[in-house]
Number of protein chains: 2
Amino acid sequence: MAVTMNDVARAAGVSLKTVSNVINNYEFIRPATKQRVLDAIDELGYETNLTARSLRSGKTSMLGLVLADLSIPYYAELASDIMKAAWARGYRVLVEQSGNEAEHEQAALQGQFRSLTDGLLFIPLALDAEQIIAAAGKKPLVLLGEFVQDPRLDMVLIQNQEAAAAVTTHLLEGGRRRIAVLGAHDGDEAGSNGLRLRGYRAALAAAGVAYDPALVVPCDWRRDAGADATARLLDSGVEFDAVFGLNDALALGALHELLVRGRKVPEEIAVAGFDDIDESRFASPSLTTVAPGRAEIAERSVELLIQRIESKDAVANVEQPEAVFELRIRQSAP
Amino acid sequence: MAVTMNDVARAAGVSLKTVSNVINNYEFIRPATKQRVLDAIDELGYETNLTARSLRSGKTSMLGLVLADLSIPYYAELASDIMKAAWARGYRVLVEQSGNEAEHEQAALQGQFRSLTDGLLFIPLALDAEQIIAAAGKKPLVLLGEFVQDPRLDMVLIQNQEAAAAVTTHLLEGGRRRIAVLGAHDGDEAGSNGLRLRGYRAALAAAGVAYDPALVVPCDWRRDAGADATARLLDSGVEFDAVFGLNDALALGALHELLVRGRKVPEEIAVAGFDDIDESRFASPSLTTVAPGRAEIAERSVELLIQRIESKDAVANVEQPEAVFELRIRQSAP
DNA sequence: CTGAAAGCGCTTACAG
DNA sequence: CTGAAAGCGCTTACAG
C-alpha cells in the first residue's frame, strides 16, 4: 500500500520518532540525521497520512463553514476569501450548504460534520441565538452574517447601521428626498435588515427629512424579489427618487426593473446597494454600494476561530470585532 | 473526552462489534439487541468519529474539487451543484482553489490533499494532459472544464462545438452577418476556445457567410477583458452587428461596454454568451446564451468519480460522457 | 447472530 | 538529540 513513516524510518536507519521529528520540524535534530530522513522521504515518495495524524493528535486542521448556498455570489466570494485566510494559517475549509433550512443548520452544528473540523464558521439564517447555543457542542464557533446578534457568542460584525447611514446620507447629499428601501419591514429593529433600516432612519433624521413607511418595501434578499418589489412600488404610484437595496442583489434587481420600465438611472432615480459584490462594479450603470470589508471579515473570523481552537484557556471573553466599511460611489448614484 | 463506541458497548452490555454492526446497518442483528444499542447511543449522545473510521477503512468519503477560484460565478455555481450531488450519494466535497496556477494544481494532484479524499474532480487550467497524467497518483480522477482533452483521462464533456454553432446559427438567423468573437485567437483549435471557435466557423460556413479573422479578438475570459476587447473593436473601426462572447463573463463585459458607448443592444448589435450563469438572466438586457447543462455535468462527474472509487476492477475503460446543452434565447439577441 | 483481537498510520508522553 | 511503547477510535477478518 502507501509508504508509511515506518518505511521511511527503516530506509533511513532511524526510529519512527526521529522521522516524526523531522516531519514536524522539531528543532534539535542532528543535521546529518535530518538529511538522511529527508532523502529517504524523497526517495520513497512518502506523504503524511493526514487522517492518521488527525486521529492521534485530535486535530483535523480543518475549519467548517456553514452557509446557505455557494451559488449566491456574496457567499461564494466570502467563502473564497475565508479559504485563502485559512490556508495561509495552515487550515483547510470544509463547506456545508444549509440551503437556508433550520434542519440543515442544526445538523451542521452538532452532527458528524463537527468531528471532521476543529471549529466552525457559521452564517446562520434559520436558527436564532437560543437554538444555536442549545445545538452547539463544545467546539469553537464563530458567527458571521448578522442575522443573529447575541452577547454570548463570538462573531465578526459589520457596521450595518453606520454603513446604511452613510449610503443614505450620500443619496441625500445628491439631492434625493424620497428614498425607497428594499428588504425591510417598517418596524424592523434587529438583524441586518433592522440595523440597516435604523441607519437609514438616523440619516434621514440627521438631515431633517421625514420618514415615510410607504417607502419601505419588505421582500426576500434576492434579485428577482428586488425587481418585483420595484415593480410593485412603481405600480403603486408612490413617488420616489432613489432606491436603497439593503443588499446588492436587491439593488441590481431594482436597477433591472427600472431600466426595463424605461426609467433613467441615476437621472430620474438613483440606486444604491450594500455588499459590493463583484458584479456591482460591472452592472450598467455600475452600482453605488457599501463594501462591508469582505476580506477583513474573512481574515478576522478565521483568526478569531483559530485563536479559540489553539488557546488553552476556556474562559476567554466573548469577542465581537467589527469590520470597517467603505462607501463605493459609482454611476447609479454619483 | 468524547463518547466512544466502547462506552456505548459497555452501556448496552454488548461487544464493540455489535455496536459497529448497528451503526453500519448490518442486517442480522436481533431487534432487541439493536434497540438496546440505539438507546445507549441516544442516551450517551454518541457520534461516530469519522477520522477513526477513515483511518481504519481507508475511505474518507470525501471528494476533492480543484478549481481556480470560488469567486468566479460559474465555478461557484458548479461547486454548489457538485456538493449537492455528492451529498446525495453520501460524500462530502473538499474544495481547493488553484488560483489558476500550475504549482497549485500540481500540489492538489499529488500532495497531502489527496490523502484526505477518495478521488478528485479537477478543472485544469494551467496543466496540460501530460503533466496531469504525470502528477496524478493512483486515486481516481475525473476532469471537468474542457481546457484539457485527452483520450486517456476520464472526463465529463460539454458540447462546445455544437453549442457554439447553435449560438452562431441563431445570430445568423436573426440577420447578423458580422459576428465578432471574444476570447479566441484566429488559429485556435483545441480547448474550449478552439472548439467553440470551430463551432462558430462551422455555422458560418453552413450559412455561406465568410469568416473574417479581424472579427476574432483574443482576450482572457473575464468580464473586464470582454469590455476592453469590445472597446478595442469599436475603436478599430471594424464593423460588426453582433458579439459572441465565448463565455458569459465576456458577453456581459461586452454588453456593459456597448451600453456605455451608447450602442443599442440588440437593435444595433446583438450579444450572446456561453455558460448561462445566473447573472445572465438578470442582466439588462438579459443575455442570450447557452446552458451547457451545469446540473448534468455535476451529476455525471460525481457519479463517474464515485463509480471509479467504489468499483473493484481497475481495468475499466476511459469514460467521457457529454452533457446536453440548451440555447437560452433572451433580450440581447432575440 | 455476537465476541475478542489485531491494526489503520500517525503523535505523545516517558526514558535515556 | 534519539528510541521503544502505548494508544487515538474505529473496522475487519477470524472464530464460534
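When rounded to the nearest whole Å, the span between CG of Asn6(B) and C1' of dG3(C) equals 13 Å. Between the P atom of dC10(D) and the CG atom of Asn21(B) lies a distance of 14 Å, rounded to the nearest Å. Taking atom NZ of Lys17(A) as the reference point, atom C1' of dT11(C) lies 9 Å away to the nearest angstrom. Between the CG atom of Leu16(B) and the C1' atom of dC8(D) there is a distance of 14 Å, rounded to whole Å. To the nearest angstrom, C1' of dG7(C) lies 15 Å from CZ of Arg56(A). One atom, CG of Leu116(B), and another, C1' of dC10(C), lie 14 Å apart when rounded to the nearest Å. Distance Asp118(A) CG to dC8(D) P: 18 Å, rounded to the nearest Å. Atom CG in Leu50(B) sits about 15 Å away from atom C1' in dC8(D), given to the nearest Å.
Of the candidates Met83(B), Met62(B), Lys59(B), Tyr91(B) forms a side-chain contact (heavy atoms from CB on, under 4.5 Å) with just one, namely Lys59(B). Put simply, the residue from Val142(B), Leu141(B), Leu305(B) that forms a side-chain contact (heavy atoms from CB on, under 4.5 Å) with Asp154(B) is Val142(B).
Listed candidates were dG9(D), dT2(C), dC10(C). Nearest to the side chain of Asn49(A) is dC10(C). Counting only heavy atoms from C-beta on, Ala52(B) has its side chain closest to dC10(D) among dC10(D), dT2(D), dT12(C). In the set dG3(C), dA4(D), dC8(C), dA4(D) carries the atom at the smallest distance from any side-chain atom of Ser15(A). Counting only heavy atoms from C-beta on, Leu55(A) has its side chain closest to dC8(D) among dC10(D), dC8(D), dT2(C). Side-chain proximity of Met5(A) to dC10(C), dC10(D), dA13(D): nearest is dC10(C).
The phosphate of dG3(C) (OP1 or OP2) has a side-chain N or O of Thr18(B) nearer than 4.0 angstrom. OP1 or OP2 of dC10(D) has not a single side-chain nitrogen or oxygen of Ser20(B) nearer than 4.0 Å.
With Gln97(A) contributing its side chain and Ser80(B) its backbone, the two residues share a donor-acceptor pair below 3.5 Å. The main-chain N or O of Gly99(B) is never found under 3.5 Å from a side-chain atom of Asp69(B) such that the two would form a donor-acceptor pair.
Using a 4.0 Å heavy-atom criterion, one finds that Thr33(A) contacts the sugar-phosphate atoms exclusively. Nucleic acid contact for Asn24(A): sugar-phosphate only, since backbone atoms but no base atoms lie under 4.0 Å from a heavy atom of the residue.
With C1' as the reference atom, dC10(C) and dA4(D) are 15 Å apart, rounded to whole Å. Atom name C1', nucleotides dT11(D) and dG3(C): the rounded distance is 14 Å, in whole Å.
For the pair Arg36(B) and Ser57(A), both in contact range of DNA chain C, the more 5′-proximal nearest nucleotide belongs to Arg36(B).
Searching all strands for a Watson-Crick or G-U wobble partner of dA13(C) with both distances below 3.5 Å returns nothing. With a cut-off of 3.5 Å on both Watson-Crick or G-U wobble distances, the partner of dA4(C) is given as none.
No side-chain heavy atom of Arg92(B) sits less than 4.5 Å from a side-chain heavy atom of Leu63(B).
Atom CD of Glu101(A) has more than 12 neighbouring heavy atoms from other residues, nucleotides or ligands inside a 6.0 Å radius.
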